[in-house]
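What follows is a short report on a single structure.
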Amino acid sequence: DLLLNNRPQDVFTADAWMYKGQISLANGDYSQAAKMFANALQHNDKSCEHVNLLMARTQALIRMKSNKDAVQSLVQAQNAAQNCLGSDSQMYAEIGNLYIQLNEIEKALAVLSRAHDLENDAVARVRLKIQMARCYELTDQKDAYLAIYTEVANQGDPFWRNVAREKME
């Protein structure tokens, strides 16, 4: 608070707002968290950090049950992620999971597919396939999710193989 009150344009202002937002989110004060993240966004122009702030704000808005605002925030995050040089599959996977929480399954599938395409690690790719299958389950597309589970069940990683087999039962 001292930094924000005495030096509101300091280079660490965005970080201070972000930390206040994280504390508010952890304490269950979602409205306050959303405001803190919005303030942090006003003081941050670094694309990758901007994406993370937008995702944090989206999480607070979801918990407030302000889904319309959450979707708008998430669309901004997805658009900003395209400009982030360090955007990786994990960033897109998190965006996909937020879309699932908002019941925006088609958007989730598109983003998870992008994450899958960016991912180089075989185990992480399988995890993303499982998430995509979950989307198909949520939309009652049995053929699509069974095809993914069958593919995963026939692959090497024993943990994910067992998860897929269990889902197929």
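The structure displayed is predicted, hence computed values, not measured ones. Position 1 is the first residue of the sequence, and the numbers go up from there.
- Note that NE2 of H116 is 16.0 Å distant from OH of Y92, once rounded to the nearest 0.5 Å.
- Under 3.5 Å, the side chains of Y99 and Q78 contain a donor-acceptor pair of N or O atoms.
- Looking only at side-chain heavy atoms (C-beta outward), I130 and V163 come within less than 4.5 Å of each other.
- When side chains are defined from C-beta on, D157 does not count as touching V126, because their heavy atoms never get closer than 4.5 Å.
- One hydrophobic cluster, built from ILVMFWY side chains closer than 4.5 Å, holds both V51 and V111.
- Take K35 and apply the salt bridge (Lys or Arg N to Asp or Glu O under 4.0 Å) test, not counting sequence neighbours, and it matches no residue.
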With side-chain contact (heavy atoms from CB on, under 4.5 Å) as the test, would you mind laying out the steps for D117 and S113 before giving the verdict?
CA-CA 6 Å; D117 292 346; S113 178; 4.2 Å; yes

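- Atom OH in Y145 sits 14.0 Å away from atom CZ in R134 (nearest 0.5 Å).
- For A153, the side chain to side chain contact (heavy atoms under 4.5 Å, CB included) partners are A164, R165, M168, not counting sequence neighbours.
- One finds the OG1 atom of T139 at 6.0 Å from the CD atom of E106 (value rounded to the nearest 0.5 Å).
- T58 and A70 make their closest contact through CG2-O, 3.6 Å (heavy atoms, listed as atom of the first residue, atom of the second, distance).
- When atom types are taken as modelled, the side chain of N27 and the backbone of D29 share no donor-acceptor pair closer than 3.5 angstrom.
- Between the side chains of S89 and E119, at least one donor-acceptor pair of N or O atoms lies under 3.5 Å.
- Connection of I23 to W17 is not established within any shared hydrophobic cluster, with ILVMFWY side chains joined at heavy-atom distances below 4.5 Å, either directly or through further cluster members.
- Within the model, atoms CG of N67 and OG of S73 stand 12.0 Å from one another, a figure rounded to the nearest 0.5 Å.
- Other residues, nucleotides and ligands place no more than 12 heavy atoms under 6.0 Å from the CG atom of D143.
- At distances below 3.5 Å, at least one donor-acceptor pair connects side-chain atoms of T150 with backbone N or O atoms of L146.
- When every heavy atom of M132 is checked against every heavy atom of L109, the shortest pair comes out as O-CD2, 3.7 Å.
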Could you walk me through whether R57 and M36 satisfy the side-chain contact (heavy atoms from CB on, under 4.5 Å) test, starting with their C-alpha distance in whole Å, then the side-chain angles of each, then the deciding distance to 0.1 Å, before giving a yes or no?
CA-CA 8 Å; R57 181 172 182 266; M36 297 299 107; over 6 Å; no

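- Here the options are N97, L74, L61, the test is side chain to side chain contact (heavy atoms under 4.5 Å, CB included), and the partner is L102; only L74 passes.
- Separation of atoms CG (L53) and CD (Q22) is listed at 8.5 Å; rounding is to 0.5 Å.
- Across all their heavy atoms, M55 and M91 have their closest contact at SD-O, 4.0 Å.
- The side-chain heavy atoms of Q72 and D69, taken from C-beta on, include a pair separated by under 4.5 Å.
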CA sep, side-chain torsions, deciding dist, call: R161, N154, side-chain contact (heavy atoms from CB on, under 4.5 Å)
CA-CA 7 Å; R161 192 171 53 226; N154 293 323; over 6 Å; no

Report the C-alpha separation of W160 and Q155 in whole Å, then their side-chain angles, then the decisive distance to 0.1 Å, and conclude whether the side-chain contact (heavy atoms from CB on, under 4.5 Å) test is met.
CA-CA 8 Å; W160 291 113; Q155 292 182 353; over 6 Å; no

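- Shortest non-hydrogen contact noted between C135 and I100 is SG-CD1, 3.7 Å.
- Put simply, L25 and L54 are part of the same group of oily side chains (I, L, V, M, F, W, Y) that touch within less than 4.5 Å, one to the next.
- Neither L98 nor M64 shares a network with the other; the hydrophobic side chains, linked directly or stepwise wherever heavy atoms of I, L, V, M, F, W or Y lie under 4.5 Å apart, form separate groups for each.
- Contact between K129 and I148 at its shortest, heavy atoms only, is O-CG2, 3.4 Å.
- No single ILVMFWY cluster, assembled from side-chain heavy atoms under 4.5 Å apart, contains both I95 and L112.
- Q90 and E94 form a side-chain donor-acceptor contact under 3.5 Å, judged by distance and modelled atom types alone.
- By the 4.5 Å heavy-atom criterion applied to side chains, T13 and Q42 are not counted as neighbours.
- One side chain, Y149 or E137, offers a donor N or O that lies under 3.5 Å from an acceptor on the other.
- For the residue pair G21 and A33, the shortest heavy atom distance occurs at O-CB, 3.5 Å.
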